[in-house]
Amino acid sequence: MDDNKRFRYSTMDELIADIEKFNLDIPFSHDLAPLREKIELNGKTIGNRLAIHPMEGCDSTPDGAPGELTTRRYMRYTKGKAGLIWFEATAINEKGRANDQQLFLNERTVGDFSLLINRMREEADEGGTPSPYQVLQLSHAGRFGDHKIIAIHDEKLDKLAKVEPSCPVISDRELEELESAYMNVARLAKQAGFDAVDVKSCHRYLLSELLGAREREDKFGGSYENRTRLIKEVVTKIKREVGIEVAIRLNISDFLEYPIGWGVNEKGEVDLSEPLKLVGELRDMGVRLINVTAGSPYINAYISRPADGEARKYTPPEYPLLGVERLIKLSREVQENFKDITVVATGLSWLREFAPYVASGMVEKGYAKIAGFGRMAFAYPDFAKDILHNKGMDKRKVCITCIRCAELKAHRKITGCVIRDSEIYLKPYRDIEKREGE
């Protein structure tokens with residue numbers, strides 16, 4: 001199976017045959033009814049079991065407000081009828097922006113966010129469907145932003161992110177000051193009308209990096225208690241002082257070496273004891289929505305985004321179906337340990353038109369309560385409507401996991417599906433190819 005790293009299934013039976021042949025923990029169901037079920041969360045009703053993951057479009061206005069393409073994207077998602085829309089990474093302060101095209105919620109832009117939220121709810125009402133549950137992802141880009149703010153030094157990661165050896169590590173005082181920034185943005189999110197905020201802790205951005213900061217010698221490094229301190233303090237203060245529901249997109253493992261890796265042990269093996277402990281503590285603090293993910297698109301993209309890739313640019317080191325199984329198993333581990341939490345699963349887009357049957361199998365068997373899609377939403381924003389009302393996905397519309405959208409984001413171009421939305425995104429992609437060819 002490892003010799004063929006591209007999607008090669010023409011029927012569901014062929015996919016099931018490989019799942020059984022290689023004894024993979026990938027459930028499936030021919031009955032899509034479980035995806036149509038409603039779910040209660042934090043006193044509100046989510047209309048179905050389908051979600052859109054936070055996928056950055058790099059299309060904000062200079063001050064961080066939703067731009068024209070941002071609005072287009074989220075209105076298309078709303079018309080697509082997914083029950084939960086997890087808004088893309090939105091910076092908590094200017095230095096936390098990944099780039100100057102990333103969303104940034106602040107006093108100047110809160111009105112624009114509110115306008116978008118209201119338009120989405122009006123669209124849902126006009127379409128006769130419940131308003132989507134809307135989560136805003138609060139983000140600090142850390143080492144992957146322009147300001148190169150790091151929690152630790154590591155030779156490989158520093159080289160990857162172009163961090164100079166002389167770059168200072170963020171201090172305790174500066175980390176403590178970030179608590180206020182998270183609080184302020186959470187207040188603005190509540191003012192704008194979001195149902196919840198996500199204290200983003202994944203993919204080795206700043207909070208995620210702190211989780212692996214074993215060699216940091218201060219209040220926020222070393223012991224488990226110190227490495228998880230900032231996340232828990234931010235969650236506690238938002239819950240207590242802002243009064244908006246808190247969710248979290250969490251790396252269950254970085255799949256990096258010890259000591260910098262989270263969710264690994266000294267032998268370099270995946271070890272979920274600390275991540276599961278953190279999930280339990282967050283649950284006790286009132287967090288009831290967790291989006292499970294792993295790895296980093298900058299470091300080990302095949303972990304977080306199983307993909308076919310492009311032969312001339314990227315070939316995954318494993319058959320992507322193995323990556324799909326890995327993410328499914330991580331979702332299952334969290335959901336089965338914490339049945340009172342709503343787990344949103346990831347990693348399903350590679351399955352193309354067969355993804356709904358795996359998603360339904362996961363919900364049916366209790367591997368997750370909601371199935372989320374990221375790249376698929378770029379390519380096919382109304383996928384949920386087709387699953388719910390047309391009994392499946394149209395294979396002519398599905399994401400083919402070619403990673404072109406990731407290339408656009410990496411080059412800070414407006415980001416979307418080059419294949420299915422070529423009228424808008426093909427030209428900026430051609431510009432990248434032209435520049436690389438010079």
Side-chain angles (χ1 to χ4, degrees), residues 52-80 82 85-91 94 96-106 108-109 112-113 115-117 119-120 123 134 136-141 144-147 161 200 203 205 296-298 301 304-305 307 309-310 313-314 349 372-383 397-438:
I52 290 175
H53 284 313
M55 295 288 290
E56 292 179 57
C58 292
D59 48 24
S60 79
T61 64
D63 61 355
E68 182 179 347
L69 289 177
T70 318
T71 298
R72 173 183 182 263
R73 187 165 62 258
Y74 284 96
M75 293 306 294
R76 293 174 86 193
Y77 293 163
T78 304
K79 292 175 182 178
I85 297 178
W86 204 298
F87 273 66
E88 66 200 80
T90 300
E94 189 66 52
R97 292 180 87 177
N99 54 67
D100 59 8
Q101 295 165 287
Q102 183 181 50
L103 293 178
F104 173 26
L105 178 56
N106 54 66
R108 300 186 306 277
T109 63
D112 298 283
F113 279 88
L115 180 62
L116 176 55
I117 291 294
R119 285 188 61 185
M120 292 171 68
E123 174 64 39
Q134 295 157 323
L136 180 67
Q137 185 173 79
L138 309 185
S139 177
H140 192 296
F144 297 113
D146 287 340
H147 293 275
K200 182 179 183 180
H203 300 165
Y205 294 105
S296 168
Y298 302 97
S304 60
R305 297 174 181 171
E310 293 286 323
K313 293 183 178 179
Y314 170 73
S349 289
F373 292 84
R375 296 163 293 171
M376 185 68 74
F378 269 166
Y380 190 175
D382 54 351
F383 73 90
K397 297 181 179 180
V398 296
C399 170
I400 60 171
T401 62
C402 66
I403 74 168
R404 287 182 173 89
C405 59
E407 290 181 71
L408 285 170
K409 180 178 178 294
H411 286 83
R412 302 185 177 189
K413 298 284 189 179
I414 56 171
T415 301
C417 184
V418 175
I419 305 300
R420 308 298 188 196
D421 207 358
S422 59
E423 184 176 335
I424 291 177
Y425 298 104
L426 180 58
K427 184 182 184 304
Y429 186 77
R430 293 295 190 213
D431 290 343
I432 294 172
E433 289 188 316
K434 181 179 179 180
R435 188 166 67 247
E436 290 182 342
E438 292 176 348

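Computed from a predicted model, the values in this text were never measured in an experiment. In this chain, residues are counted from 1 in sequence order.
Listed by chain and residue number, nothing satisfies the side chain to side chain donor-acceptor pair (under 3.5 Å) test with D100 (two or more places apart in sequence, or in another chain). With sequence neighbours left out, the side chain to side chain contact (heavy atoms under 4.5 Å, CB included) criterion links A307 to R375, T401, I403. Qualifying side chain to side chain contact (heavy atoms under 4.5 Å, CB included) partners for K79, counting only residues two or more places apart in sequence or in other chains: E123. Remark: K413 pairs with no residue by the salt bridge (charged side-chain N to carboxylate O under 4.0 Å, His left out) rule, at least two apart or across chains. With sequence neighbours left out, H53 forms a side chain to side chain donor-acceptor pair (under 3.5 Å) with N291, T346. Listed by chain and number, the residues in a side chain to side chain contact (heavy atoms under 4.5 Å, CB included) with D59 are L69, T70, R73, I414 (sequence neighbours excluded). The side chain to side chain donor-acceptor pair (under 3.5 Å) search around Y425 returns none, not counting sequence neighbours. Legend: residues meeting salt bridge (charged side-chain N to carboxylate O under 4.0 Å, His left out) with R97, ordered by chain and number and at least two apart, are E94. Scored by the salt bridge (charged side-chain N to carboxylate O under 4.0 Å, His left out) test, R412 finds D146 as partners (sequence neighbours excluded). Scored by the salt bridge (charged side-chain N to carboxylate O under 4.0 Å, His left out) test, R76 finds D421 as partners (sequence neighbours excluded). Contacts of Y77 classified as side chain to side chain donor-acceptor pair (under 3.5 Å), with partners at least two apart in sequence or in another chain: none. The side chain to side chain contact (heavy atoms under 4.5 Å, CB included) check on T61 picks up D63, A65, with sequence neighbours excluded.
Counting all heavy atoms, side chain and backbone alike, F144 lies closest to A161 at CE2-CB, 4.0 Å. When all heavy atoms of C405 and T415 are compared, the pair lying nearest together is O-CG2, 3.3 Å. Between T109 and F104, the closest heavy-atom pair is OG1-O, 2.9 Å. Here the closest non-hydrogen pair linking I85 and A82 is CG1-O, 4.5 Å. The two atoms that bring S304 and P297 nearest to each other are OG-N, 3.6 Å, heavy atoms only. When every heavy atom of P54 is checked against every heavy atom of A89, the shortest pair comes out as CB-N, 4.4 Å.
Under a 3.5 Å cut-off, the side chain of R404 and the backbone N or O of C417 do not form any donor-acceptor pair. A donor-acceptor pair under 3.5 Å is formed between the side chain of S349 and the backbone N or O of M376.
The line from CZ of R119 to OG1 of T71 is 6.0 Å long, rounded to the nearest 0.5 Å. For the atom pair OH of Y74 and CE of M120, the computed distance is 8.0 Å after rounding to the nearest 0.5 Å. Here the CD atom belonging to E433 is positioned 7.5 Å from the CD atom belonging to E407, to the nearest 0.5 angstrom. Remark: F87 CZ to L103 CG distance equals 8.5 Å, nearest 0.5 Å. Put simply, SG on C58 and CG on N99 are 4.5 Å apart, with the number rounded to the nearest 0.5 Å. For the atom pair CD1 (I52) and CZ (F373), the distance works out to 10.5 Å, reported to the nearest 0.5 Å.
A perpendicular orientation is assigned to the rings of Y205 and Y298, their planes being inclined by more than 60° (bins at 30° and 60°).
Each of Q101, Q137, Q102 was checked for a side-chain hydrogen bond (donor to acceptor under 3.5 Å, both in side chains) with E56, and the lone residue meeting it is Q102.
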* Could you please spell out the steps behind the salt bridge (charged side-chain N to carboxylate O under 4.0 Å, His left out) verdict for K427 and D431? => CA-CA 6 Å; K427 184 182 184 304; D431 290 343; 3.4 Å; yes
